[in-house]
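Only one structure is covered here, and it is reproduced in the block below.
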Amino acid sequence: MRSRTLTLTAAVGAALLAGAALPANASGLTAGSGRGAAAPASAQEGSVSAAALLAKVTSCSQISNGKYKTDDETSATVPVCGKNGAVFWKADMDVDCDGQRTSKCSESTDPWYQDDTAFHQSDGKPLRADTLPYVVVPSSSSIWNYGSAGIKGGGVVAVIYQNKVEYAVVGDTGPTKIIGEASYATAKALGIDPDPENGGTDSGVTYILFKNSKASPIESHSAAVTLGDQLAQTFIRNN
């Protein structure tokens, strides 16, 4: 476990996602425990298992022009990889609390807190990191341009950790040279310490971003789960 990199204070477009999310089981596709406690090892959202998804991302066809760091002090070792209908990377998870100010996410809980996210709810407000599972993508640079790869705000992401699958949305942009970050709610759902200063995990997280997808509205977690399950099934069939 380690704190978020200081680079985040200078990140283009403030850190991670949030939003007025519905409960994880609102779509009827969820298996396992609810949001209140760390999920058991077998928990997953949707009908596609972590093992089935991971079996499709064992090798990397690199589409980024270079590789990313997971933190300021590490070397650049993480490529963005291409698959049929998706891009993916394997990295750590830093915890972001940016967006709407709440009891869990504010200047008092997060030294790097910013009150905005790159993408907003349907009502125009920033996302809410403590209730909405979202992922941060690196800001576009010479290394990789997420938009050119078919990735956009609200796009659906399957986040996999220790045999658990959590569906999230693309909710924010981060530093141009660092990868591996997701919201408080994403970490908590996967059983990762969600503390924005000292939580997260150093490795073992796989992010599969489905191209040209968009959960609507972006703040509806149930919409992300429903669409994510459909996209994951298609991903398994086509790869």
Side-chain angles (χ1 to χ4, degrees), residues 1-5 7-8 15-17 24 30-33 35 37-46 48-64 67-83 86-97 129 133-138 144 156-172 174-175 177-210 224-225 228 232 235-236 239:
M1 308 293 192
R2 80 267 165 263
S3 61
R4 291 168 56 206
T5 172
T7 303
L8 294 180
L16 281 161
L17 34 140
T30 307
S33 65
R35 285 264 180 265
S42 61
Q44 70 176 56
E45 289 191 320
V48 180
S49 69
L53 288 167
L54 292 175
K56 301 297 183 179
V57 294
T58 55
S59 61
C60 175
S61 176
Q62 183 171 331
I63 61 170
S64 54
K67 296 182 179 181
Y68 288 95
K69 299 179 177 183
T70 56
D71 293 289
D72 255 342
E73 65 274 15
T74 63
S75 56
T77 60
V78 179
V80 176
C81 311
K83 295 293 285 189
V87 303
F88 75 93
W89 55 82
K90 300 180 180 182
D92 63 344
M93 183 184 287
D94 291 331
V95 177
D96 193 274
C97 246
Y134 70 81
V135 167
V136 178
V137 296
W144 182 58
V156 179
V157 187
V159 188
I160 305 160
Y161 178 72
Q162 291 188 349
N163 202 35
K164 297 184 284 286
V165 179
E166 177 71 8
Y167 289 104
V169 291
V170 175
D172 206 356
K177 296 182 179 180
I178 294 176
I179 207 165
E181 189 176 5
S183 66
Y184 182 108
T186 310
K188 183 177 180 182
L190 289 169
I192 296 170
D193 182 357
D195 181 84
E197 184 172 6
N198 298 307
T201 185
D202 288 331
S203 62
V205 184
T206 299
Y207 304 81
I208 302 175
L209 293 75
F210 299 109
V225 175
F235 178 74
I236 295 297
N239 287 280

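It should be emphasised that the depicted structure is a prediction, and the values quoted were computed from it without experimental measurement.
Contact of the Thr70 side chain with the Trp89 side chain is not registered, since no non-hydrogen atoms from C-beta on lie closer than 4.5 Å. For the pair Gln162/Ile192, no side-chain contact is recorded, criterion being any heavy-atom separation below 4.5 Å from C-beta on. Side-chain atoms of Val80 and Ile179, non-hydrogen and from C-beta on, do get closer than 4.5 Å to each other.
Between the NZ atom in Lys69 and the OG1 atom in Thr74 there is a gap of 6.5 Å [rounded to 0.5 Å]. Atom-to-atom distance recorded for Cys81:SG and Lys90:NZ is 8.0 Å, nearest 0.5 angstrom. For the atom pair CG (Asp94) and CD1 (Ile178), the distance works out to 8.0 Å, reported to the nearest 0.5 Å. The structure places CZ of Phe88 at 8.5 Å from OG of Ser61, a figure rounded to the nearest 0.5 Å. The structure places CD1 of Ile160 at 11.5 Å from CD of Glu166, a figure rounded to the nearest 0.5 Å. Rounding to the nearest 0.5 Å gives a distance of 5.0 Å between CG of Leu54 and OG1 of Thr206.
Nearest heavy atom pair, residue Val159 against residue Ala168, reads CG2-CB, 4.2 Å. Met93 approaches Leu190 most closely through the heavy-atom pair CE-CD1, 3.9 Å. Considering every non-hydrogen atom in both Asp92 and Tyr207, the closest pair reads O-OH, 2.7 Å. Summarising the geometry of Pro194 relative to Ala187, their closest heavy-atom pair is CA-CB, 4.0 Å, with the distance given to 0.1 Å. Nearest heavy-atom pair across Ser203 and Tyr161 is O-CE1, 3.8 Å. Residue Ala232 comes nearest to Leu53 through the heavy atom pair CB-CD2, 4.1 Å, listed as atom of the first residue, atom of the second, then distance.
Residues that satisfy the side-chain contact (heavy atoms from CB on, under 4.5 Å) test with Ala52, not counting sequence neighbours, are Val48, Ser49, Ile236. Contacts of Thr77 classified as side-chain contact (heavy atoms from CB on, under 4.5 Å), with partners at least two apart in sequence or in another chain: Ser75.
In this structure a side-chain-to-backbone donor-acceptor pair under 3.5 Å is missing from Glu45 to Val225. Asp193 places a side-chain N or O within 3.5 Å of a backbone atom of Asp195 that can act as its donor or acceptor partner. Looking at Lys83, its side chain does come within 3.5 Å of a backbone N or O of Lys56 through a donor-acceptor pair. Without hydrogens or angle criteria, Lys177 side chain to Ala76 main chain gives no donor-acceptor distance under 3.5 Å.
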